[in-house]
Amino acid sequence: MQSSPTADERARVLADGKTIPTIGLGVWQVPNGPECVNAVRWALDAGYRHIDTAQAYGNEESVGRALRESAVPREEVFLTTKFHPTRPDPAAELEKSLRRLGVEHVDLYIIHWPAKGPTWAWPGMEEAQRRGHARSIGVSNFSVAELEQLLALGGAPPTVNQVQFSPFEYRRGLLDACARHAVTLEAYSPLGTGRHLGEATVAAIAARAGRTPAQVLVRWCIQRGTVVIPKSTHRERIEANVQVFDFTLSDTDMTALDALDRSGGTQQAREGKWWR
Ligand code: A2P
């Protein structure tokens, strides 16, 4: 099992018992300011209850502002931010994030990438959780080998591994290892940052289903058992991208999408690493 499904596939249960909404709005590359505030506000209006930001995105203030201005109560929203791992102290950096976000805690705090190795930051992540500033803790961009080094520490296990994941980057080796270790895989760039939307197989399946290519790609992630965070700053797209719980891709369609994989079923989180 990738993670326990709830009765309703709109949420999944993490290994630490916390519930995470299956679809979140990703705000990577959305500048701090009105564009980000609007995107988050529209997402909340459209029923999203999960927002995914990061210290490196520079837009935590806008995410916080949208949350405050929304009629949706804070406790109904699952909020993620990520530790910028070129900095030394995860617990101290989360305190700064909380001030920027204007919240008392985040629901999930993850190491953004395994800079300088996969283990050194983990005690600081656990400290952030001990202080009550993060309900759950996890990682991002960790390969199987890096995940297993972290698990070997014997501390709190990471609840999630957020990685680039789509039919074209179907990291089956990594997905299977996450499932074995009860780590929920979160799919970022599920639309290939837009590049996968025009691909012929995706387009044909979408046309047959009477859906958009984006809905097909998000739905594929859900049926592969992941959490998924499509990004958009357009209201109609934000609204449409979450309308994926009223149809199912057939086994034939899933197999056709699986075959688009260019990762070779890899255990790696990235083909090109931007860190050392
Ligand atoms: P925009 O933000 O202008 O709407 P990913 O989630 O893989 O990172 O992909 C995000 C990219 O896909 C963004 O460039 C976004 O553009 C675009 N996008 C998101 N949803 C849709 C959609 N429903 N239709 C077309 N493009 C979309």
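Every heavy atom of this structure was used, including side-chain atoms; hydrogens, water molecules and symmetry mates were not. Indexing begins at 1, ligand by ligand and atom by atom, following the structure's order.
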* ligand 1 contact by G192, heavy-atom criterion under 4.0 angstrom -> yes
In terms of residue, atom name and distance, what is the protein heavy atom nearest to [atom]?
{"atom": "atom 20 (N) of ligand 1", "result": "N241 ND2, 3.0 Å"}
{"atom": "atom 24 (N) of ligand 1", "result": "R237 NE, 3.6 Å"}
{"atom": "atom 4 (O) of ligand 1", "result": "S232 OG, 2.5 Å"}
{"atom": "atom 9 (O) of ligand 1", "result": "T193 CA, 3.2 Å"}

* Sub-4.0 Å atoms of ligand 1 with respect to non-hydrogen atoms of P230 ->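 Those of ligand 1 that fall under 4.0 Å from P230 are 6 (O).
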* Atom CD of E236 with >12 non-hydrogen neighbours under 6.0 angstrom ->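 Above 12, so yes.
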Polar contact flag, side-chain donor to acceptor under 3.5 angstrom, [X]-[Y]:
{"X": "E186", "Y": "T226", "result": "no"}
{"X": "D52", "Y": "Q162", "result": "yes"}
{"X": "K231", "Y": "Y188", "result": "no"}

* Asked: Can you tell which of H196, K231, Q215 gets a heavy atom nearest to atom 17 (C) of ligand 1?
  ->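 Nearest heavy atom to atom 17 (C) of ligand 1 lies in K231.
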Quick one: does ligand 1 sit under 4.0 Å from the side chain of [X], the backbone, both or neither, non-hydrogen atoms only?
{"X": "V30", "result": "neither"}
{"X": "P190", "result": "both"}
{"X": "A214", "result": "side chain"}

* To do: Test W220 against every option in F165, F168, F247 by the ring pair (Phe, Tyr, Trp, His ring centres under 6.0 Å) rule and name the one that passes.
  => F165
* Has ligand 1 got any nitrogen or oxygen that is less than 3.5 angstrom from a nitrogen or oxygen of L197? -> no
Show which side-chain atoms of residues 109-119 pair as donor or acceptor with protein atoms under 3.5 Å away, not counting sequence neighbours.
| from | atom 1 | to | atom 2 | distance (Å) |
| --- | --- | --- | --- | --- |
| Y109 | OH | Q55 | NE2 | 3.2 |
| Y109 | OH | P90 | O | 2.8 |

* Asked: Name the one of V218, V228, L249 that satisfies side-chain contact (heavy atoms from CB on, under 4.5 Å) with V244?
  -> V218
* Answer with yes or no whether the hydrophobic clustering places I229 together with I23; edges join I, L, V, M, F, W, Y residues whose side-chain heavy atoms lie under 4.5 Å apart. => no
